[in-house]
> 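Once you've had a glance at the structure underneath, I'll fire off some questions.
Letters A, B, ... mirror the listed sequences (proteins, then strands); counts begin at 1. Basis for what follows: all heavy atoms, side chains included, without hydrogens, waters or symmetry-related copies.
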There are 4 protein chains.
Amino acid sequence: MPTPSTDPSPAGRNRADVRRNERALLDAAAAVFVRAGVHAPVREIAAESGLGMGTIYRHFPTRADLVVAVFKHQVDALATTTPTDPTDSATDPPYQALRTWVHRFADFLVTKHGLAEAMHSDQAGFENLHNEFVERLLPVLDRLLTASAAAGSTRPDVRAYDLMLAVGNLCIGVETFPDYHARQMIDLLLTGLTRTDPTTQEHEEH
Amino acid sequence: MPTPSTDPSPAGRNRADVRRNERALLDAAAAVFVRAGVHAPVREIAAESGLGMGTIYRHFPTRADLVVAVFKHQVDALATTTPTDPTDSATDPPYQALRTWVHRFADFLVTKHGLAEAMHSDQAGFENLHNEFVERLLPVLDRLLTASAAAGSTRPDVRAYDLMLAVGNLCIGVETFPDYHARQMIDLLLTGLTRTDPTTQEHEEH
Amino acid sequence: MPTPSTDPSPAGRNRADVRRNERALLDAAAAVFVRAGVHAPVREIAAESGLGMGTIYRHFPTRADLVVAVFKHQVDALATTTPTDPTDSATDPPYQALRTWVHRFADFLVTKHGLAEAMHSDQAGFENLHNEFVERLLPVLDRLLTASAAAGSTRPDVRAYDLMLAVGNLCIGVETFPDYHARQMIDLLLTGLTRTDPTTQEHEEH
Amino acid sequence: MPTPSTDPSPAGRNRADVRRNERALLDAAAAVFVRAGVHAPVREIAAESGLGMGTIYRHFPTRADLVVAVFKHQVDALATTTPTDPTDSATDPPYQALRTWVHRFADFLVTKHGLAEAMHSDQAGFENLHNEFVERLLPVLDRLLTASAAAGSTRPDVRAYDLMLAVGNLCIGVETFPDYHARQMIDLLLTGLTRTDPTTQEHEEH
DNA sequence: AATGAATGAGAATTCATTCAT
DNA sequence: AATGAATGAATTCTCATTCAT
């Protein structure tokens with residue numbers, strides 16, 4: 001809804017308007033995803049955002065586009081921060097860096113209702129989501145895993161792809177079954193990954 | 001109403017027919033579940049079975065009833081065979097028994113498209129499914145896990161419930177992502193479960 | 001299915017069997033009609049009777065046939081007892097006889113959940129029901145009404161048909177709205193039938 | 001799209017369109033209700049209106065909402081005109097005012113196929129309909145009846161609620177049975193309501 | 001004659017997506 | 001660009017009626 005007196009542009013909405021709408025949409029979608037999962041009705045997101053449904057479709061033609069966009073920021077954080085942090089790699093042995101990152105990844109998934117599930121959805125329109133994760137995060141995890149294996153801390157025969165999916169999977173059901181301790185299971189997996197040096201392993205577990 | 005000694009059935013359509021139909025229904029449902037997941041439309045199962053939709057509702061009032069029935073046989077096998085097999089417990093140390101059962105459990109889940117997913121569904125009508133699994137299988141796993149921990153082979157601080165859900169989770173996505181090796185991830189988890197004994201871990205993996 | 005030891009007839013069930021079934025059906029239907037109205041599912045009546053649904057259809061091809069049969073006894077009572085009772089007509093003036101019969105008719109309707117409603121149903125298969133009532137009871141009411149009018153107790157310009165439907169109508173809703181006093185309304189109608197305030201009434205009618 | 005000063009609507013489809021559709025829906029529903037009763041399938045109303053089923057649900061979430069809306073105008077007329085008309089109360093004695101209103105009420109019901117019936121429906125979604133009538137019209141009738149009783153024209157022991165339901169009931173079946181004269185029966189009821197020959201009437205009631 | 005399993009049309013309801021304004 | 005009303009396919013579930021045994 002343009003405010004004629006303040007906007008002299010004859011063409012209507014300007015770039016700022018559009019960007020503002022997109023932001024509102026993303027915030028609304030994030031809120032709704034938390035509340036009702038990533039399969040929530042489009043109308044609900046529209047209502048939350050205060051914008052029309054048509055606007056959603058204009059900005060994000062498929063649901064996956066929206067989901068990807070919603071989590072892009074957090075994915076970016078996971079993708080960029082860790083591997084470039086020099087202090088981390090200085091102080092932490094590679095295995096510690098791997099553990100830390102996996103935990104952050106898990107925390108991210110666990111706090112997004114339905115996201116872990118959606119990562120595997122073969123529903124039309126969700127391939128993008130999986131691809132996004134693979135493209136952005138797999139290289140990061142791969143680097144960490146390779147470094148850890150190179151240091152002799154972890155087995156060299158485990159692929160980052162499998163590990164990423166496995167961790168994602170272990171996060172499923174956290175909301176549905178409050179009694180399920182995903183964190184501990186992930187730790188089990190990580191421990192299983194290590195190369196048998198007892199001193200390294202025993203005191204890590206929580 | 002006379003009860004001829006040879007035919008206890010008082011009704012027209014005889015028992016054999018009815019059982020045959022129920023079998024057809026279960027087979028059809030199994031096939032459709034593989035093809036389209038356990039959320040497949042009832043109509044599709046009816047079409048696959050060659051029977052009417054009403055017949056499905058007669059036999060299995062809720063979807064979960066059908067799902068449970070479809071997998072009952074396999075669940076029964078998992079629930080009964082293992083813990084009572086004396087030769088197993090004689091030859092295998094407790095940890096081996098645990099591994100074997102977990103692998104069988106995983107094989108079962110992996111071959112049923114959508115089953116692992118359905119186990120977590122909070123959709124109406126699927127609670128039964130989760131309950132069925134918990135009620136039937138959790139005691140078995142619990143016994144195996146307790147025995148293994150008692151033998152000092154595995155950590156005593158891991159609950160069977162978490163382990164069951166975790167294994168179930170790790171099986172998710174096997175069909176969707178052919179490149180995902182659930183088996184290896186499950187082995188990682190099992191290894192992580194052991195008490196960090198270097199000799200135990202190295203040669204188990206496949 | 002014959003009872004071999006007690007029934008030597010080679011042709012199967014004898015007349016007594018069939019009649020017994022019909023009676024069971026009628027009793028069951030009466031019970032279900034009270035409980036769930038005359039639109040109750042056929043299956044429910046079958047279950048109540050302990051007989052099969054097919055048997056119901058054999059005995060009563062349409063639902064109205066069943067409804068008519070269920071109430072036949074009571075209709076018979078209304079149709080035959082009153083007009084032939086000599087003591088009644090001796091002690092009661094004609095108007096009193098009319099009132100008494102109308103009350104009995106109303107009591108009959110009120111105690112059959114859904115019957116008053118069904119009398120008007122234009123649903124396929126219910127014409128019979130209306131016809132049955134008209135054919136059996138209208139002559140009775142007509143006789144009573146004519147006698148009462150002849151004695152100068154009631155208006156001569158009211159037809160028995162209208163009165164019968166009106167009384168039937170006034171019985172509707174007794175179960176649904178416990179606060180509705182059908183009895184009093186019927187009394188109002190009967191009172192209105194008597195010649196009372198000439199100035200108010202005569203010129204209004206259309 | 002800037003908001004022209006003449007159109008305050010922020011939305012695409014403008015208000016006039018929406019209102020036109022709602023009107024089309026109401027007209028279609030009224031027509032279908034006459035033809036097939038208020039239980040007619042939603043799809044039929046949609047077809048009659050030329051609009052989609054979803055549109056009906058958008059405008060009228062429950063069937064009762066639609067029914068209420070269809071008859072709202074007439075209910076409004078009955079609810080507001082009469083009691084505030086000063087000339088009526090000046091020229092008519094209270095009993096005449098009562099008669100007039102009851103006739104108007106009956107005319108309304110009689111011309112709406114299935115409405116009188118629906119008023120009593122205990123089907124889910126029809127409570128509102130009954131409530132609407134009671135809430136809107138009962139106070140009006142109560143005022144008229146009380147005034148008439150106060151003037152000594154009618155019996156003081158009859159409640160407006162019973163009278164309203166009774167009149168409604170007497171209107172049932174007008175379309176189904178063309179030979180049924182609801183009008184006359186209502187007049188009978190009203191006449192029975194008047195205080196005339198005390199000896200005949202008072203002691204009969206139970 | 002009796003049975004009740006099977007059938008499938010019918011009705012309600014939801015929601016992704018389009019498109020006139 | 002934005003809107004949100006309109007659409008109607010898709011899905012679930014019920015129950016009258018048929019018919020093989």
Side-chain angles (χ1 to χ4, degrees), chain A residues 1-2 11-15 17-18 21 39-44 46-47 50-59 61-63 124-125, chain B residues 1 7 9-18 21-22 39-44 46 50-59 61-63 124-125, chain C residues 1-2 11-14 17-18 21 39-44 46-47 50-59 61-63 124-125, chain D residues 1-4 7 9-18 21-22 39-44 46 50-59 61-63 124-125:
Chain A
M1 228 165 301
R13 250 167 235 279
N14 59 27
R15 285 282 171 78
D17 277 332
V18 174
N21 280 345
H39 291 284
V42 175
R43 188 181 305 276
E44 210 169 311
L51 297 169
M53 291 179 313
T55 309
I56 296 182
Y57 279 93
R58 166 180 297 273
H59 285 268
T62 78
R63 180 182 292 268
Chain B
M1 222 167 299
D7 176 22
S9 141
R13 211 61 86 100
N14 66 31
R15 286 281 170 78
D17 267 343
V18 174
N21 280 343
E22 185 148 331
H39 290 284
V42 173
R43 192 181 301 275
E44 206 170 317
L51 297 168
M53 289 183 318
T55 307
I56 296 181
Y57 281 97
R58 163 186 291 273
H59 285 269
T62 76
R63 179 184 293 271
Chain C
M1 228 162 295
R13 251 168 235 276
N14 60 26
D17 277 332
V18 174
N21 279 346
H39 292 284
V42 174
R43 187 181 305 277
E44 211 169 310
L51 297 169
M53 292 180 312
T55 309
I56 295 182
Y57 279 93
R58 166 180 296 273
H59 284 268
T62 77
R63 180 182 291 268
Chain D
M1 206 174 302
T3 331
D7 175 22
S9 139
R13 213 61 84 101
N14 67 29
R15 287 280 170 78
D17 268 342
V18 174
N21 279 343
E22 184 148 331
H39 291 285
V42 173
R43 192 180 300 276
E44 207 171 316
L51 297 169
M53 289 182 318
T55 308
I56 296 182
Y57 280 95
R58 163 185 291 273
H59 285 268
T62 76
R63 180 184 293 270

> On the nucleotide F:dT7, are OP1 or OP2 found under 4.0 Å from the side-chain N or O atoms that D:Thr55 carries?
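Checking F:dT7 against D:Thr55, a side-chain N or O does come within under 4.0 Å of OP1 or OP2.
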> So what's E:dT21 paired with, Watson-Crick or G-U wobble, going by both distances under 3.5 Å?
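E:dT21 is paired with F:dA2.
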> Distance check needed: E:dC19 P versus A:Arg58 CZ, whole Å only.
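Taking atom P of E:dC19 as the reference, CZ of A:Arg58 is at 14 Å.
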> Taking pairing as Watson-Crick or G-U wobble with both contacts under 3.5 Å, can you name the mate of F:dA16, or confirm there isn't one?
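E:dT7 - that is the nucleotide pairing with F:dA16, both distances being under 3.5 Å.
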> Is there a side-chain polar atom (N or O) of A:Asn21 under 4.0 Å from OP1 or OP2 of F:dA2?
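So the side chain of A:Asn21 is within the cut-off, an N or O lying under 4.0 Å from OP1 or OP2 of F:dA2.
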> Once you round it to whole Å, what is the distance between C1' of F:dT12 and CD of B:Glu44?
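Nearest whole value for this atom pair: 14 Å.
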> Rounded to whole Å, how long is the line connecting atom CG of C:Asp17 with atom P of E:dA2?
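Going from CG in C:Asp17 over to P in E:dA2 covers 8 Å.
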> May I have the distance from D:His59 (atom NE2) to E:dT13 (atom C1'), rounded to whole angstrom?
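After rounding, the reported distance stands at 17 Å.
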> Between CG of D:Leu51 and NE2 of D:His59, what distance do you get to the nearest 0.5 Å?
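Rounded to the nearest 0.5 Å, the CG-NE2 separation comes out at 7.5 Å.
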> Closest-nucleotide mapping onto DNA chain E: is A:Tyr57 or C:Met53 further toward the 5' terminus? I mean the 5' end.
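Final value for this comparison: C:Met53.
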> Rounded to whole angstrom units, what separation is found between the NE2 atom of D:His39 and the P atom of E:dA12?
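In whole Å, E:dA12 P and D:His39 NE2 are 11 Å from each other.
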> Please tell me which of B:Pro41 and B:Gly54 maps to the more 5' nucleotide of DNA chain F, matching each residue to the nucleotide holding its nearest heavy atom.
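Comparing both residues, the 5'-ward one is B:Pro41.
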> Of the nucleotides F:dT17, F:dA5, E:dT13, which has the atom closest to the D:Val18 side chain?
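Looking only at heavy atoms from C-beta outward on D:Val18, the closest nucleotide is F:dA5.
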> Whole Å only: how far is the CD1 atom of C:Ile56 from the C1' atom of F:dC19?
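Rounding to the nearest Å, CD1 of C:Ile56 and C1' of F:dC19 are 16 Å apart.
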> Return whichever of B:Leu51 or A:Pro61 has its heavy-atom-nearest nucleotide of DNA chain E closer to the 5' end.
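Taking each residue's closest nucleotide, the earlier one in sequence belongs to B:Leu51.
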> Starting at CZ of C:Arg43 and ending at C1' of E:dG4, how long is that distance when rounded to a whole Å?
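That distance rounds to 8 Å.
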> Looking at every heavy atom in both D:Ala46 and D:Met53, which two are closest together, and how far apart are they?
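Looking at all heavy atoms of both residues, the shortest contact is CB-CG, 3.8 Å.
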> Please confirm whether the shortest side-chain N or O distance from A:Arg63 to OP1 or OP2 of E:dA16 is below 4.0 Å.
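Yes.
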